[in-house]
Amino acid sequence: MADKIKKFFQKKKVDAKFKLAGRGHKLTESTTSSHDSVKKDIPVVKRSGLSEESKVAAEAALARLNQKRENPGFNTSLAAIQAQVRKELENEKASSSEATPPVEAQKSFTEEDLPKNFAASGVYFKCPIISNDVLPRDEWKKNIKTFLYEQLEEERGLTACLIIQSCNNNREKIDACVETLCKYLENIINHPDEDKYQKIRMTNRAFSERVLPLEGSMELLLAAGFDQKKLTNPDGLEEDYLIFNKDNVPSLDTLNTLIDALRTAEPIQLELDRNLQVLLPSQAACKVQLPSSFYALSPEEFKREQKLRAEAIEKSQMLRTKAMREKDEMREMRKYKFAIIRIRFPDGILLQGTFSVYERYNEIHEFVQENLEHSDLPFVLNTPTGHKLILEEDANKTLIDLRIVPATVLTFAWHSSVAEEISRSPNRDVYLKPEIMILVQEM
């Protein structure tokens, strides 16, 4: 069945490779929630220093770093960006002595806030198995539904299974529907000559509550060979029935195939887009508000939380134990579904990405690494509290575990094993790839 699902999507998206490998994309992978797929442990090898393989890669990267960069014209444009950053850093340093509270503490989130004050315009997703678009979750739900219903005529059975999994929200109701449908089909396979198993009364309580309300269920039964007809019930009244017609399917093996598909298909998963941004210090200072899509709260709940913030500030002045403070901190962080992570480089430029609060530090490390000009060189990230994040120790910790929710700035530094040699390099101020640097947003 897994092969059939692969071929199904390959036929629909011939212009791109179909990716089943990776977190949250495999339709036949057993998952119970999006959180579980994100929280899968990453095998980490404990070591005290760089491995021999890493040392060789770092040495090669250092050799490239010490070579003179080509394309001086492009370097000129980068130099202009760097000059702007230096100027802003000087202004920032000059004003640092002024005791002004952070912008986020001065104003609460309201609908009147201009988008320019938002750290991100929203939370966006990709769905590589369907298209290369980057869209909000709600738009993807509509697109996935449209895409699947368009495929019904060509591949009704498998498509119906995917509709049941992807176009309904309540997981318990989906599971109940799947088990009920499987029971209908198993009864026909096990009792092919018994009339009572060949029909389903549509007013039956189990059918009307567990099956009929869910999208895709009727399409699945039609694919299994059922026809909808009116029959006279024992009370002499006409009712709607679904009648199995063996002539509608090649053989009873078709029912076995559908049972397998029902029990193995998974919802079409979305992949969180990082919404990568490159910011100057002044831009980062202004873009501090989070849109409502970052919160695990409804708009009404969010407004209530804002009203309670004043009480929380007053409460913070009270004497509380460390355990009480940590409990309040964890409760505060669990209000969020997503977080903004910014990485500040020594040249002042900030790299920004969007992450799920249940993603691991390993994802942040990879995000930084894939955007570095010299990605083979080892580096470390430091939290605002001075904690040094070490891949070998922190790879499996979630953003909540690291207490970097809902937003934080991590400071970038080269690993001590290469820092001294990099400091002597003519390209020591080069951090991000050129194609990433030119994404610096216009003032």
Side-chain angles (χ1 to χ4, degrees), residues 21-25 31 33-51 53-54 57-58 119-120 123 125-126 269 271-279 284 290 294 296 326 329-346 349-372 374-419 431-432 436:
R23 171 175 48 80
H25 298 297
T31 58
S33 70
S34 59
H35 290 172
D36 293 336
S37 63
V38 170
K39 296 177 76 171
K40 185 178 180 181
D41 282 354
I42 304 160
V44 176
V45 178
K46 292 278 185 179
R47 61 181 187 268
S48 57
L50 296 177
S51 66
E53 184 180 359
S54 297
V123 179
F125 297 85
K126 297 179 287 188
Q269 298 287 349
E271 176 185 333
L272 179 63
D273 182 70
R274 294 296 177 216
N275 194 13
L276 185 150
Q277 295 184 44
V278 182
L279 305 170
L290 294 178
F294 274 68
E326 288 180 349
E329 184 182 0
M330 291 299 294
R331 185 168 54 199
E332 181 71 22
M333 286 191 291
R334 294 194 184 279
K335 295 175 185 176
Y336 301 90
K337 294 185 291 185
F338 303 98
I340 288 289
I341 302 298
R342 288 173 175 169
I343 293 85
R344 182 168 184 145
F345 292 90
I349 288 289
L350 292 101
L351 177 69
Q352 175 178 301
T354 300
F355 293 81
S356 162
V357 298
Y358 295 100
E359 286 191 83
R360 309 289 179 136
Y361 170 66
N362 184 68
E363 303 288 343
I364 299 176
H365 192 92
E366 289 180 356
F367 171 68
V368 176
Q369 188 173 42
E370 67 189 17
N371 289 296
L372 289 177
H374 302 285
S375 58
D376 291 333
L377 292 174
F379 63 89
V380 294
L381 301 177
N382 296 286
T383 68
T385 59
H387 173 64
K388 184 179 292 186
L389 297 172
I390 301 172
L391 189 61
E392 291 74 22
E393 297 178 3
D394 300 314
N396 285 326
K397 294 180 180 177
T398 67
L399 274 64
I400 288 181
D401 293 336
L402 295 172
R403 288 173 166 73
I404 53 176
V405 173
T408 197
V409 177
L410 303 176
T411 306
F412 176 95
W414 291 117
H415 192 276
S416 57
S417 63
V418 297
Y431 299 98
L432 296 173
I436 302 299

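For clarity, every value in this text was computed on a predicted model and none was experimentally measured.
The two atoms that bring Glu393 and Lys397 nearest to each other are O-CE, 3.9 Å, heavy atoms only. Of all non-hydrogen atoms in Leu272 and Thr354, the two that sit nearest each other are CD2-O, 3.6 Å. Nearest heavy-atom pair, Trp414 versus Pro378, reported as atom, atom and distance to 0.1 Å: CE3-O, 3.4 Å. The minimum heavy-atom distance linking Leu290 with Ala119 is given by the pair CD2-CB, 4.3 Å.
Distance alone, capped at 3.5 Å, places no donor-acceptor pair between the Gln352 side chain and the Arg342 backbone.
Inter-residue side-chain proximity for Val278 and Ile436 is flagged as met; some heavy-atom pair is nearer than 4.5 Å. For the pair Tyr361/Asp401, no side-chain contact is recorded, criterion being any heavy-atom separation below 4.5 Å from C-beta on. You'll find the side chain of Asn275 reaches within 4.5 Å of the side chain of Gln277, heavy atoms only. The shortest side-chain heavy-atom distance between Asn371 and Leu276 falls under the 4.5 Å cut-off.
Rounded to the nearest 0.5 angstrom, Gln369 CD and Phe379 CZ are separated by 5.5 Å. Interatomic distance, Arg344 CZ to Leu351 CG, rounded to the nearest 0.5 Å: 13.5 Å. Taken from CZ in Phe125 to CD in Gln269, the straight-line distance is 11.0 Å, to the nearest 0.5 Å. Between atom CD1 of residue Ile343 and atom CG of residue Leu279 there is a gap of 11.0 Å, rounded to the nearest 0.5 Å.
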Full working for side-chain contact (heavy atoms from CB on, under 4.5 Å) between Leu389 and Thr383: CA-CA 7 Å; Leu389 297 172; Thr383 68; 4.0 Å; yes
Verdict with reasoning, Leu399 to Ile364, per side-chain contact (heavy atoms from CB on, under 4.5 Å): CA-CA 9 Å; Leu399 274 64; Ile364 299 176; 4.0 Å; yes
Could you check Leu391 against Asn362 for side-chain contact (heavy atoms from CB on, under 4.5 Å), going step by step and ending with a plain yes or no? CA-CA 7 Å; Leu391 189 61; Asn362 184 68; 3.6 Å; yes
Does Ile341 form a side-chain contact (heavy atoms from CB on, under 4.5 Å) with Leu410? I'd like the steps, not just the answer. CA-CA 7 Å; Ile341 302 298; Leu410 303 176; 4.0 Å; yes
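Between Glu366 and Arg274 there is no salt bridge, since none of the side-chain N atoms of the basic residue sits less than 4.0 Å from a carboxylate O of the acidic one.
Every residue meeting the side chain to side chain contact (heavy atoms under 4.5 Å, CB included) condition with Glu370, not counting sequence neighbours, appears here in chain and number order: Phe367. Qualifying side chain to side chain contact (heavy atoms under 4.5 Å, CB included) partners for Ser416, counting only residues two or more places apart in sequence or in other chains: none.
Phe345 has its ring centre less than 6.0 Å from the ring centre of Phe412.
A donor atom on one side chain and an acceptor atom on the other are not found under 3.5 Å apart for Thr385 and His387.
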